[in-house]
Amino acid sequence: MSRIAIIKFPGSNCDLDVKKVYEEILGANVELIWFKEELEKDYDGIILPGGFSYGDYLRAGAIAARTPIMQSIKKYAENGGHVIGICNGFQMLTEVGLLPGTLMINKYPKFRCQTTHLKIENQDSVFTSNYNENKVLKIPIAHKEGNYYANEKTLKQVEENNQIALKYSDKNGNTNQKSNPNGSKENIAGLLNEEKNVLGLMPHPERASKKTLGSNDGLKILKSIL
């Protein structure tokens with residue numbers, strides 16, 4: 001049975017939601033790891049869940065990224081392990097340097113909680129290979145600091161390296177300012193590292209894991225690492 005670790009920090013609040021999806025829908029063996037515990041190496045994947053680690057003081061994800069367990073996760077990823085960072089987890093991945101850029105306060109500087117449409121930009125990763133290219137997904141967001149920013153040089157690099165996994169779009173797959181809920185550069189909603197084994201995304205796939213939730217479009221992302 002596949003073995004998944006979900007890392008819990010003070011202020012994490014989506015850890016149990018992700019755990020429930022992996023255990024009850026996907027049948028995985030899940031371990032909830034408190035951030036002060038030791039991390040083993042034989043996981044099929046590690047999840048950094050959404051929430052407000054350390055109350056989002058300083059910057060969202062900044063304090064969590066400087067805890068010892070994040071260095072263990074960094075080594076795990078550098079050795080090819082699969083890591084998914086969701087919302088606050090995406091912020092941690094940029095803070096620890098596993099993904100380029102940063103997440104800023106939304107252009108409309110308020111918390112946004114809404115359903116978004118997302119266009120699959122590439123299939124060149126384990127996380128997205130089960131989707132058809134240009135497939136449009138329906139997955140909700142819930143954040144105040146989800147405005148992805150990188151300088152022009154970095155944006156050019158991530159585009160050339162095919163690191164953009166998902167873009168905010170309308171229901172027809174059009175990526176434009178109207179379909180961008182937070183002001184993210186290039187409508188970026190999900191980003192890969194160069195090796196394509198680390199994924200950060202602001203939308204919450206666990207909240208789109210059953211049709212009774214309004215969509216099950218996020219399930220393949222979570223299932224991809226099993």
Side-chain angles (χ1 to χ4, degrees), residues 14 17 49-51 56 60-61 84-91 93-94 99-125 127-193 196 198-224:
C14 298
D17 296 343
D56 281 354
I84 300 177
I86 302 168
C87 196
N88 195 212
F90 187 5
Q91 295 156 349
L93 291 174
T94 59
L99 292 175
T102 191
L103 281 307
M104 300 170 57
I105 292 176
N106 298 341
K107 186 175 182 181
Y108 172 74
K110 300 287 185 180
F111 188 87
R112 303 295 298 262
C113 182
Q114 64 187 73
T115 297
T116 58
H117 289 94
L118 306 156
K119 182 180 176 184
I120 295 288
E121 285 296 306
N122 74 71
Q123 297 171 285
D124 190 23
S125 79
F127 311 105
T128 54
S129 61
N130 290 323
Y131 293 98
N132 294 326
E133 191 168 356
N134 297 325
K135 167 78 174 174
V136 177
L137 312 180
K138 190 169 72 171
I139 301 178
I141 58 168
H143 59 247
K144 184 179 178 181
E145 295 178 51
N147 178 1
Y148 180 77
Y149 175 83
N151 61 33
E152 293 303 317
K153 180 181 178 182
T154 301
L155 286 172
K156 184 179 179 183
Q157 287 175 339
V158 299
E159 288 183 1
E160 289 177 349
N161 295 334
N162 205 23
Q163 291 176 243
I164 301 174
L166 300 160
K167 284 189 176 183
Y168 298 109
S169 74
D170 62 21
K171 64 181 180 181
N172 296 314
N174 299 308
T175 57
N176 50 44
Q177 192 172 357
K178 286 186 177 179
S179 61
N180 188 339
N182 51 28
S184 288
K185 288 282 190 181
E186 305 296 331
N187 280 47
I188 291 174
L191 191 69
L192 300 157
N193 64 342
K196 312 290 193 300
V198 175
L199 170 67
L201 69 166
M202 290 312 297
H204 285 259
E206 77 277 12
R207 298 184 188 181
S209 56
K210 294 177 72 173
K211 288 192 175 180
T212 52
L213 296 174
S215 171
N216 63 355
D217 287 349
L219 195 59
K220 287 182 180 177
I221 293 175
L222 299 177
K223 187 178 181 181
S224 66

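Sequential numbering from 1 along the given sequence is applied to the chain's residues.
Residues passing the side chain to side chain contact (heavy atoms under 4.5 Å, CB included) test with Lys167 are Glu121, Ile164, Thr175, Glu186, Asn187, sequence neighbours excluded. The side chain to side chain contact (heavy atoms under 4.5 Å, CB included) check on Lys171 picks up His117, with sequence neighbours excluded.
By the neighbour-count criterion of 12 heavy atoms within 6.0 Å, atom CZ of Phe111 is densely surrounded, having more than that number from other residues, nucleotides or ligands. Heavy-atom neighbours of Lys223 NZ from other residues, nucleotides or ligands within 6.0 Å: at or below the threshold of 12.
Atom CG in Leu199 sits 8.0 Å away from atom CG in Leu99 (nearest 0.5 Å). Atom CG of residue Leu222 and atom CD1 of residue Ile86 lie 5.5 Å apart, to the nearest 0.5 angstrom. In this structure, OG on Ser209 lies 11.5 Å from CD1 on Ile221, to the nearest 0.5 angstrom. Here the NZ atom belonging to Lys144 is positioned 13.5 Å from the SG atom belonging to Cys87, to the nearest 0.5 angstrom. To the nearest 0.5 Å, the span separating NZ on Lys196 from CG on Asp124 amounts to 5.0 Å. Rounding to the nearest 0.5 Å gives a distance of 13.5 Å between NZ of Lys119 and NZ of Lys135.
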>> Evaluate Asn88 against Gln91 for side-chain hydrogen bond (donor to acceptor under 3.5 Å, both in side chains), listing each step before the verdict.
In response: CA-CA 5 Å; Asn88 195 212; Gln91 295 156 349; 2.8 Å; yes
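Between Ala208 and Pro140, the closest heavy-atom pair is CB-CD, 4.1 Å. The two residues Ala165 and Thr128 make their nearest non-hydrogen contact at CB-CG2, 4.2 Å. What you find for Pro203 and Pro205 is that their closest heavy atoms are O-CD, 3.2 Å. Contact record, Gly146 with Ser184: O-OG, 3.1 Å, taken as the closest heavy-atom pair. The heavy-atom pair separating Ile188 from Tyr168 by the smallest distance is O-CE1, 3.5 Å. Of all the heavy atoms in His143 and Asn106, the pair that sits closest is O-ND2, 3.0 Å.
Counting only distance, with no hydrogens or angles, the side chain of Asn147 and the backbone of Ile105 share a donor-acceptor pair below 3.5 Å. At distances below 3.5 Å, not a single donor-acceptor pair connects side-chain atoms of Asn172 with backbone N or O atoms of Asn174. Checked by atom type and distance alone, the side chain of Ser224 never pairs as donor or acceptor with a backbone atom of Asn130 at under 3.5 Å. When atom types are taken as modelled, the side chain of Tyr131 and the backbone of Asp217 share a donor-acceptor pair closer than 3.5 angstrom. Judged purely by atom type and a 3.5 angstrom limit, Asn151 uses its side chain to pair as donor or acceptor with the backbone of Lys153. At least one donor-acceptor pair closer than 3.5 Å links the side chain of Thr116 to the backbone N or O of Ile139. Without hydrogens or angle criteria, Gln114 side chain to Ile141 main chain gives no donor-acceptor distance under 3.5 Å.
Residues Thr115 and Lys138 have side chains in contact (heavy-atom distance under 4.5 Å, counting atoms from C-beta outward). Residues Leu137 and Ile120 meet the side-chain proximity criterion, which asks for heavy atoms closer than 4.5 Å. Counting only heavy atoms from C-beta outward, the side chains of Gln157 and Pro100 never approach each other to under 4.5 Å. Here the side chains of Leu118 and Leu201 are not in contact, with every heavy-atom distance at 4.5 Å or above. Side-chain contact between Asn122 and Leu192 is present, with at least one heavy-atom pair separated by less than 4.5 Å. Side-chain atoms of Met202 and Tyr148, non-hydrogen and from C-beta on, never get closer than 4.5 Å to each other.
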